Amino acid sequence: MPIDDAAPTSFDLDRFLPYRLNSLADRISQALARLYETRHDLSVAQWRVLAWLHHREQLTAKQIREATRMDKARVSRAVQALEDRGLIRRRPSPEDQRRHELRLTEAGLALLEELIPEARAWEAELVAPLSVEEYRQLLELMSKLEGQLERLEGG
């Protein structure tokens, strides 16, 4: 279904959803990164690892890679840096000694107790121009697109 009445061969990036979403996501990620880089000395990758461990309590590096869509080297560097800072703990899995289970430490939990309210306040400021209903609709529309993408990817 065409989105607009433009000629099929015309191409305006400002009206191309993949470009707009990617651009917006990059800008949001970079702006939020300044918050946790300057206040907490965390990279984007480190924040994502911490956030997922907070969300799921225990994960492997592979599970984090799948959840974040970050490459293996980036996750590995983030995990090592967080472990060096004492924010996460890594231990061999009882089921498979080749895998390591990752968990937050008390220091990691304490850091997130500071960081999560800051991130939520930043998000609230970002979405302030939206009404509650518009925000709810935005999340619903994103879920629909994610579902469609799953179908298009064959998943």
Side-chain angles (χ1 to χ4, degrees), residues 1-8 10-79 81-83 85 87-89 101-155:
M1 158 173 121
I3 302 302
D4 60 31
D5 296 329
S10 70
F11 194 69
D12 180 359
L13 281 176
D14 289 329
R15 298 188 57 80
F16 186 59
L17 185 64
Y19 171 77
R20 294 285 304 270
L21 289 175
N22 187 63
S23 178
L24 180 61
D26 282 348
R27 289 180 61 203
I28 289 171
S29 186
Q30 289 170 11
L32 186 55
R34 285 190 288 277
L35 170 76
Y36 43 80
E37 285 174 350
T38 57
R39 294 186 188 174
H40 303 284
D41 195 29
L42 292 172
S43 70
V44 171
Q46 291 167 2
W47 156 249
R48 289 178 184 168
V49 170
L50 290 174
W52 270 98
L53 288 174
H54 184 266
H55 180 63
R56 292 283 168 86
E57 196 171 314
Q58 177 178 294
L59 292 167
T60 64
K62 181 180 180 183
Q63 290 169 319
I64 291 171
R65 283 195 319 270
E66 291 168 355
T68 62
R69 297 184 171 253
M70 291 189 298
D71 66 65
K72 187 176 184 175
R74 191 171 180 204
V75 170
S76 180
R77 285 190 304 270
V79 165
L82 293 169
E83 188 178 30
R85 285 181 61 182
L87 299 173
I88 65 171
R89 180 178 76 238
E101 296 171 345
L102 306 172
R103 286 181 164 271
L104 293 170
T105 62
E106 290 298 318
L109 286 167
L111 176 63
L112 285 170
E113 284 180 21
E114 282 181 52
L115 208 154
I116 289 172
E118 292 173 4
R120 285 192 171 153
W122 188 91
E123 179 193 25
E125 190 173 340
L126 174 68
V127 300
L130 304 178
S131 70
V132 172
E133 179 63 17
E134 287 171 326
Y135 181 69
R136 185 188 62 72
Q137 288 174 340
L138 175 63
L139 294 179
E140 285 177 7
L141 292 169
M142 289 173 58
S143 291
K144 283 183 178 183
L145 290 175
E146 289 166 343
Q148 179 66 1
L149 188 55
E150 285 288 321
R151 286 185 286 284
L152 291 172
E153 290 175 332

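This chain uses plain numbering: 1 for the first residue, then up along the sequence. Owing to the predicted nature of the structure, the values given are computational and were not obtained by experimental measurement.
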Report the distance from atom [atom1] of [X] to atom [atom2] of [Y], rounding to the nearest 0.5 Å.
| X | Y | atom1 | atom2 | value |
| --- | --- | --- | --- | --- |
| Arg69 | Arg48 | CZ | CZ | 12.0 Å |
| Ile64 | Ile88 | CD1 | CD1 | 6.5 Å |
| Leu130 | Gln137 | CG | CD | 10.0 Å |
| Trp52 | Thr68 | CH2 | OG1 | 8.5 Å |
| Tyr19 | Leu24 | OH | CG | 11.0 Å |

For the residue pair [X] and [Y], what are the closest heavy atoms and their distance?
| X | Y | result |
| --- | --- | --- |
| Ala78 | Val49 | CB-CG2, 4.0 Å |
| His40 | Arg85 | O-NH2, 3.2 Å |
| Thr105 | Arg89 | CG2-N, 3.8 Å |

Exercise for review: Would you check, one step at a time, whether the test side-chain contact (heavy atoms from CB on, under 4.5 Å) holds for Ile28 with Trp122?
Suggested key: CA-CA 10 Å; Ile28 289 171; Trp122 188 91; 4.0 Å; yes
Quick check: do [X] and [Y] have side-chain heavy atoms less than 4.5 Å from each other?
| X | Y | answer |
| --- | --- | --- |
| Gln63 | Arg56 | no |
| Leu111 | His54 | no |
| Phe11 | Leu13 | yes |
| Gln46 | Leu87 | no |
| Leu42 | Leu82 | yes |
| Leu115 | Leu50 | no |

Practice item. Apply side-chain contact (heavy atoms from CB on, under 4.5 Å) to Arg39 and Glu114, showing your working. Key: CA-CA 10 Å; Arg39 294 186 188 174; Glu114 282 181 52; over 6 Å; no
Study note, to complete from the structure: Quick note, salt bridge (Lys or Arg N to Asp or Glu O under 4.0 Å) partners involving residues 18-27, not counting sequence neighbours, are none
Point to revise | Any pair counted as salt bridge (Lys or Arg N to Asp or Glu O under 4.0 Å), so long as it reaches residues 119-145, sequence neighbours left out | key: Glu133-Arg136, Arg136-Glu140
**Study point:** side-chain contact (heavy atoms from CB on, under 4.5 Å) evaluation trace for Leu17 with Leu145
**Key:** CA-CA 11 Å; Leu17 185 64; Leu145 290 175; 4.0 Å; yes
Check your understanding: Just by distance, do the side chain of Ser29 and the backbone of Ala25 share a donor-acceptor pair under 3.5 Å?
Key -> no
Practice item. Give a yes or no answer on whether the side chain of Thr38 reaches the backbone of Arg34 with a donor-acceptor pair at less than 3.5 Å. Key: yes
Practice item. Let me see the working for Leu53 and Leu112 under side-chain contact (heavy atoms from CB on, under 4.5 Å), right down to the final yes or no. Key: CA-CA 10 Å; Leu53 288 174; Leu112 285 170; over 6 Å; no
